[in-house]
A.B. asks: 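Input: one structure, supplied below.
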There are 2 protein chains.
Amino acid sequence: MTVTSVHDPSHREALWELEDAFERGDLVSAFGTCTVSYEGRAASDLGPGDRLLVLKPDGAALVHTDEGRKPVNWQPPGSEHHAAVREGRLRVRSTRSNPDESLTVRFSDVHQLSAMSVTGGRDLTLHGSEEDLRTRILERPELVEPGFEPRETERPSSAGPMDVFGVDADGTPIVVELKRRRVGPDAVGQLARYVRALREELGVDDTAGGDDADGDDAPAVRGVLVAPSVTDRAAERLADRGFDHVALDPTPEE
Amino acid sequence: MTVTSVHDPSHREALWELEDAFERGDLVSAFGTCTVSYEGRAASDLGPGDRLLVLKPDGAALVHTDEGRKPVNWQPPGSEHHAAVREGRLRVRSTRSNPDESLTVRFSDVHQLSAMSVTGGRDLTLHGSEEDLRTRILERPELVEPGFEPRETERPSSAGPMDVFGVDADGTPIVVELKRRRVGPDAVGQLARYVRALREELGVDDTAGGDDADGDDAPAVRGVLVAPSVTDRAAERLADRGFDHVALDPTPEE
DNA sequence: GAGTCCATTTCGTAC
DNA sequence: GTACGAAGTGGACTC
């Protein structure tokens, strides 16, 4: 682990430091006054101001102002960093192809430039994801409803893989869509696509709602949305389609 | 504009610098070896390693490794930063409420700590957004189809606001959904919701497909998806619903 | 505050 | 590489 750092460098000095850092594969942090322009999937321009530029050895570039979680400008990993002194400014440019994109940062002043060779853990252990919710349901199917039997996860269909496929106490097929947090109407649409695909595949009535043409009490394929909660509009759409909502968190309440 | 910077500070020195920086409302960049833990909407742990910690005066906190565009851990704007020395380590903690979330970074070593008072332009001019696509269509409606007349943007419906509402050459209502880039099946679902809502509102046949029960050639409300391109599955769903796709970019080709 | 939807979404994974 | 869906999505805007 090594850190190099220069305070108020000349553009020439900053250029040397940058090129060395690129060479070493360092993570770079640069404070300075700059303009930024981007051209690629969209196009943008940013006038002069003080910002933090972060350059990563994997090609990622981030321009941060003093506000917001999102960088005001950036370039994705896989880009190539180049630095040069042009027209009295330090120009740092990150480019990539497919899609063709380019980010250009022009520093009128570099106030602080640091670079660190980075080692060590990159792997995060995360809890509370949709996968945790699936695990929870597979271990305790009765949380969905008494008699529920999961049969398959990521079951393929013409509409894509459904989160959990199973049957209820009556043997009726159930498509379960999992969401780790409160959901809106889009999730119902997603569930509807899977149910529809399965109904077509099984050659059963694809009428929405709780009754089919034969007068049975339930549609031949049920849809269940498992999520902590749903919005009003989502609840309406669930009712329209004859689907059920089961309120469940990815991790048990404390 | 002022930059303060310390190299290999003791935890005590780093603590002073951090507290001064918080006081001044500076943007902070810190290189060091640390562990990170998060608890809130989910929960996560990250073992020891070299990282870059960015602390913003608006409360945002970002932990970056040497890879990826996304921070490996973060805290949203509106959080509060606190620093302390605990158990021989420098502990930086960002917390917020609603939802309750907390990010804790524990440095065994701080290698470089810089802080800059930030001023200047924060406003980005961006081109190529969905709004640009809408503008383009409103100025040249024939790009959608000859005879198309836009009547309203963001027209309300029970399914939410539709991007553009208008009529075709025959006076048939058209719902236009705009996407700035290639789309999958979800966009078709979105369009379908709006068309469905409008059909209900107008009290017309809500049968999917190109023919209605009276034997007319077109449904009483048409759906048009304007996007640079669509995936195969999206195209299928468009055909199922009897909707049209118009290939159009948010900005004219060069 | 909640709901809804866009985003240069990013990111992972399967095909 | 493309497609599809999850994400601690973030962020803007409306109600």
Side-chain angles (χ1 to χ4, degrees), chain A residues 37-44 60-63 67-79 96 98-103 124 126-134 154 156-157 159-163 177-187 190 193-194 229-235 250-251, chain B residues 38-44 60 67-78 96 98-103 124 126-134 154 156-157 159-163 177-187 190 193-194 229-234 250-251:
Chain A
S37 69
Y38 158 77
E39 175 122 18
R41 286 168 289 176
S44 73
L62 312 169
V63 180
E67 287 189 346
R69 215 227 44 147
K70 263 181 54 174
V72 65
N73 269 128
W74 69 90
Q75 193 73 336
S79 310
R96 70 159 179 168
N98 209 338
D100 276 339
E101 291 188 293
S102 158
L103 178 75
L124 186 77
L126 181 71
H127 313 281
S129 62
E130 183 179 300
E131 191 180 341
D132 290 311
L133 180 55
R134 179 173 58 203
E154 303 297 322
S157 80
M162 44 195 77
D163 286 338
E177 174 64 26
L178 306 175
K179 292 294 167 189
R180 66 172 301 280
R181 63 174 204 174
R182 184 173 175 82
V183 297
D186 52 333
Q190 200 182 334
R193 295 212 308 275
Y194 299 141
S229 60
V230 302
T231 67
D232 286 351
R233 199 117 77 186
T251 52
Chain B
Y38 158 77
E39 177 121 17
R41 285 169 289 175
S44 72
E67 287 188 345
R69 217 237 27 158
K70 267 182 49 176
V72 64
N73 269 127
W74 70 92
Q75 195 72 332
R96 70 159 180 168
N98 206 332
D100 276 340
E101 294 189 289
S102 157
L103 178 74
L124 187 76
L126 181 71
H127 313 281
S129 63
E130 183 178 299
E131 190 180 341
D132 290 311
L133 179 55
R134 179 173 57 203
E154 303 297 323
S157 81
M162 45 195 78
D163 286 337
E177 174 64 27
L178 306 175
K179 293 293 168 189
R180 63 174 302 281
R181 63 172 208 173
R182 183 173 176 85
V183 296
D186 52 333
Q190 200 181 337
R193 295 212 311 275
Y194 299 141
S229 60
V230 302
T231 67
D232 287 353
R233 199 118 76 188
T251 52

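In what follows, every chain begins at residue 1, and chains take the letters A, B, ... in the order their sequences are listed.
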A.B. asks: Return the value, rounded to whole Å, for the distance between atom CG of D232(B) and atom C1' of dA14(C).
C.D. replies: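 That distance rounds to 16 Å.
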A.B. asks: Using atom P in both nucleotides, what's the gap between dG11(D) and dC11(C) to the nearest angstrom?
C.D. replies: 15 Å
A.B. asks: Go through DNA chain D in 5' to 3' direction and return only the first and the last nucleotide with some atom under 4.0 Å of chain A's heavy atoms.
C.D. replies: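 With heavy atoms of chain A under 4.0 Å away, the range is dG1(D) to dG11(D).
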A.B. asks: R41(A) side chain N/O closer than 4.0 Å to the phosphate oxygens (OP1, OP2) of dT10(C)?
C.D. replies: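 Result: yes.
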A.B. asks: K179(B) has an atom NZ; how far is it from atom P of dC5(C), in whole Å?
C.D. replies: 9 Å
A.B. asks: Give one of base, sugar-phosphate or nothing for A234(A), where a contact means two heavy atoms less than 4.0 Å apart.
C.D. replies: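 Contact class for A234(A): none.
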A.B. asks: Taking the side chain as every heavy atom from C-beta outward, state whether R69(A) and P77(B) have any pair of such atoms under 4.5 Å apart.
C.D. replies: yes
A.B. asks: Using atom C1' in both nucleotides, what's the gap between dC6(C) and dT10(C) to the nearest angstrom?
C.D. replies: 14 Å
A.B. asks: OP1 or OP2 of dT4(C) less than 4.0 angstrom from a side-chain nitrogen or oxygen of R193(B), does that happen here?
C.D. replies: no
A.B. asks: Just how far, in rounded Å, is P of dT9(C) from CG of L62(A)?
C.D. replies: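 Rounded to the whole Å, the gap is 16 Å.
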A.B. asks: Contact class for G128(B) vs. all strands (heavy atom < 4.0 Å): base, sugar-phosphate, or nothing?
C.D. replies: nothing
A.B. asks: How about N73(B) and L124(A): do any of their side-chain heavy atoms sit closer than 4.5 Å?
C.D. replies: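 A side-chain contact exists here, since the closest heavy-atom pair is under 4.5 Å.
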A.B. asks: Tell me the interatomic distance from R233(A), atom CZ, to dT4(C), atom P, rounded to whole angstroms.
C.D. replies: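 Whole-Å distance recorded here is 5 Å.
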A.B. asks: When all nucleic acid strands are considered with a 4.0 Å heavy-atom cut-off, which category describes S129(B): base, sugar-phosphate, or nothing?
C.D. replies: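 Touches sugar-phosphate only.
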A.B. asks: Please give, in whole Å, the distance from dT8(C) C1' to N73(A) CG?
C.D. replies: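 About 9 Å, once rounded to whole Å.
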A.B. asks: Say we look at dC5(C) and dA7(D): how far apart would their C1' atoms be, to the nearest angstrom?
C.D. replies: 16 Å
A.B. asks: How many angstroms lie between NE2 in H127(A) and CD in E39(B), if you round to the nearest 0.5 Å?
C.D. replies: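 So the gap between those two atoms works out to 9.5 Å.
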A.B. asks: Kindly say whether, by distance alone, the side chain of D186(A) makes a donor-acceptor pair under 3.5 Å with the base of dT4(C)?
C.D. replies: no
A.B. asks: Round to a whole Å and report the spacing from NZ of K70(A) to C1' of dC6(C).
C.D. replies: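 Distance check: K70(A) NZ to dC6(C) C1' gives 10 Å.
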A.B. asks: Which part of the nucleic acid, if any, lies within reach of Q190(A) when heavy atoms closer than 4.0 Å are counted: base, sugar-phosphate only, or nothing?
C.D. replies: sugar-phosphate
A.B. asks: Using the C1' atoms only, state how far dG5(D) lies from dT9(D), rounded to an integer number of Å.
C.D. replies: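 After rounding to an integer number of Å, I get 12 Å for this pair.
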A.B. asks: Tell me if a side-chain donor or acceptor on Q75(A) pairs with a main-chain N or O of E101(A) at a distance below 3.5 Å.
C.D. replies: yes
A.B. asks: Using whole Å, report how far CD of E131(B) lies from P of dC6(C).
C.D. replies: 13 Å
A.B. asks: Would you mind classifying the nucleic acid contact of A159(A) as base, sugar-phosphate or nothing, using non-hydrogen atoms under 4.0 angstrom?
C.D. replies: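 Here A159(A) touches the backbone only, sparing every base.
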A.B. asks: For the CG atom of L103(B) and the OG atom of S44(B), what is their distance to the nearest 0.5 Å?
C.D. replies: 7.5 Å
A.B. asks: Between N98(A) and G184(B), just flag the one whose closest nucleotide in DNA chain D comes earlier from the 5' side.
C.D. replies: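 Nearest nucleotide further toward 5': that of N98(A).
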A.B. asks: Once you round to the nearest 0.5 Å, how far does CZ of R181(B) lie from CG of L133(B)?
C.D. replies: 14.0 Å
A.B. asks: Contact class for P185(B) (heavy atom, under 4.0 Å): base, sugar-phosphate, or nothing?
C.D. replies: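 P185(B): backbone/sugar contact only, no base atoms under 4.0 Å.
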A.B. asks: With nearest nucleotides of DNA chain D determined for E101(B) and Y194(A) from heavy-atom distances, which residue corresponds to the more 5′ nucleotide?
C.D. replies: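 Nearest nucleotide further toward 5': that of Y194(A).
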A.B. asks: Between L126(B) and G160(B), which has a closest nucleotide on DNA chain C that is more 5'?
C.D. replies: G160(B)
A.B. asks: Quick one: is T231(A) getting a side-chain N or O under 4.0 Å of the dT4(C) phosphate, OP1 or OP2?
C.D. replies: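 Looking at the OP1 and OP2 atoms of dT4(C), one of them is under 4.0 Å from a side-chain N or O of T231(A).
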A.B. asks: Assuming nearest nucleotide by heavy-atom distance, tell me which of R69(B) and L124(B) is located more 5' along DNA chain C.
C.D. replies: L124(B)
A.B. asks: Mind checking E177(A) for me? I need base, sugar-phosphate or nothing, with any heavy atom below 4.0 Å counting as a touch.
C.D. replies: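 Sugar-phosphate only.
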A.B. asks: For a 4.5 angstrom cut-off between non-hydrogen side-chain atoms, does E154(A) reach D163(A)?
C.D. replies: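 With C-beta onward as the side chain, the pair touches.
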A.B. asks: So, the side chain of R180(B) versus the backbone of D132(B): is there a donor-acceptor pair under 3.5 Å, distance only?
C.D. replies: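 Between the backbone of D132(B) and the side chain of R180(B) there is no qualifying donor-acceptor contact (under 3.5 Å).
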A.B. asks: Rounded to whole angstroms, how far apart are CZ on R96(B) and P on dG1(C)?
C.D. replies: 11 Å
A.B. asks: Assess whether a salt bridge exists between R193(B) and E177(B), defined as any Lys/Arg side-chain N lying under 4.0 Å from an Asp/Glu carboxylate O.
C.D. replies: no
